[in-house]
Structures are given as structure tokens and as C-alpha cells.
Amino acid sequence: MSSLIKSQLVIAGVMCCGGLAAGICMELFERYIAVRKPGRFRESAVRILCYAFIGVLASEFFYFCDNGKITIEGICAFLIGLWLWKKFFYSILTPREAEDVEKKGRDKFV
């Protein structure tokens with residue numbers, strides 16, 4: 001493989017991991033909001049903080065990959081990482097089935 005292909009594969013892999021990290025961050029902040037149930041102002045502040053944190057995270061991943069160049073390849077790999085988190089790993093931290101069962105008021109195992 002040429003050095004160009006190797007560097008593009010590294011960029012795609014690292015940015016995909018960055019998307020996964022952003023997905024984890026979003027789910028942690030959403031879980032915090034669900035558990036603490038803050039007011040509207042605090043919830044808005046937490047969401048803004050989450051998006052700022054994801055922005056800093058993405059900029060650090062872009063800087064590590066290609067000295068801060070924002071490329072279509074990097075953006076697509078980042079979005080693929082987010083999609084992979086939502087598709088395969090979402091609800092690991094917050095099991096949705098358990099919440100649905102609690103809302104319905106019946107035991108899952110009965």
C-alpha cells in the first residue's frame with residue numbers, strides 16, 4: 001500500500017473512533033438529564049455543554065489526524081462512528097427495555 005492510502009485509513013479509523021466517543025458523550029449527558037431531571041434552564045445548559053464538549057472532542061481528533069484539516073473523509077468517518085454507536089451500542093448505558101417495563105408497571109420475567 002502507498003503512504004497516501006495508509007494515511008487515509010488512519011484518518012478514517014481515528015475519526016470513526018471519534019464518532020464513537022461523541023456517541024458515548026451524548027449518551028452520558030442524556031443519562032445525566034434523565035436521572036437528575038433538571039429544570040429547563042439547567043437542561044439547556046447541560047445540552048450546550050455537551051455539544052461544546054463534542055466540538056472540542058471532534059477538533060482534537062481532527063488535529064490528531066491531519067493537523068486540523070477538516071476533510072469530507074474525516075467528517076464522513078466521524079458520522080459513521082456516531083451511526084455505529086447508535087446502531088450497535090446505544091442503550092448499553094441506559095437500557096430502554098427496563099425503563100419501558102417500569103413504565104408499564106409489570107415485571108419482565110413474569
Side-chain angles (χ1 to χ4, degrees):
M1 273 195 282
S2 70
S3 63
L4 177 63
I5 294 173
K6 287 180 184 178
S7 69
Q8 288 177 342
L9 287 175
V10 167
I11 290 171
V14 169
M15 289 309 296
C16 188
C17 291
L20 287 169
I24 291 170
C25 175
M26 286 178 66
E27 191 165 351
L28 286 174
F29 276 93
E30 286 176 10
R31 183 64 181 161
Y32 174 79
I33 289 171
V35 169
R36 299 301 293 270
K37 295 182 179 46
R40 284 190 298 173
F41 178 73
R42 282 196 176 169
E43 182 179 346
S44 299
V46 168
R47 289 192 187 275
I48 290 170
L49 182 66
C50 174
Y51 296 136
F53 185 75
I54 290 173
V56 169
L57 185 72
S59 68
E60 289 297 320
F61 273 96
F62 274 119
Y63 184 73
F64 176 77
C65 283
D66 206 12
N67 292 330
K69 289 183 189 173
I70 298 176
T71 60
I72 299 297
E73 175 191 0
I75 293 171
C76 289
F78 190 82
L79 293 176
I80 287 171
L82 273 175
W83 177 78
L84 285 172
W85 175 259
K86 292 286 185 181
K87 184 73 175 167
F88 296 111
F89 303 114
Y90 193 68
S91 79
I92 287 176
L93 300 176
T94 57
R96 304 289 183 218
E97 290 180 8
E99 292 175 2
D100 292 341
V101 169
E102 289 176 9
K103 285 180 185 175
K104 292 179 182 175
R106 59 187 166 156
D107 193 6
K108 182 178 178 181
F109 299 108
V110 174

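Heavy-atom basis, side chains included; hydrogens, waters and symmetry copies ignored.
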Asks: What donor-acceptor contacts under 3.5 angstrom involve side-chain atoms of residues 2-26, with partners at least two apart or in another chain?
Replies:
residue	atom	partner	partner atom	Å
Ser2	OG	Ile5	N	3.4
Ser7	OG	Ser3	O	3.4
Ser7	OG	Leu4	O	2.8

Asks: Leu84 and Leu28: same hydrophobic cluster, using ILVMFWY side-chain contacts below 4.5 Å?
Replies: yes
Asks: Quick check: are there more than 12 heavy atoms from other residues, nucleotides or ligands sitting under 6.0 Å from CZ of Phe53?
Replies: no
Asks: Identify, with sequence neighbours excluded, every residue that meets side chain to side chain donor-acceptor pair (under 3.5 Å) alongside Glu43.
Replies: Arg47
Asks: Taking a hydrophobic cluster as the set of Ile, Leu, Val, Met, Phe, Trp and Tyr residues connected by side-chain heavy atoms closer than 4.5 Å, whether directly or through intermediates, do Leu82 and Tyr51 fall within one such cluster?
Replies: no
Asks: So how far is it from Glu73 CD to Ile80 CD1, rounded to the nearest 0.5 Å?
Replies: 10.0 Å
Asks: Measuring from Ile54:CD1 to Phe29:CZ, what's the distance to the nearest 0.5 Å?
Replies: 8.0 Å
Asks: Are Phe78 and Phe64 grouped together when hydrophobic residues (ILVMFWY) are joined by side-chain heavy atoms under 4.5 angstrom apart?
Replies: yes
Asks: When hydrophobic residues are tied together by side-chain contacts of less than 4.5 Å, even through go-betweens, does Tyr63 share a cluster with Phe61?
Replies: no
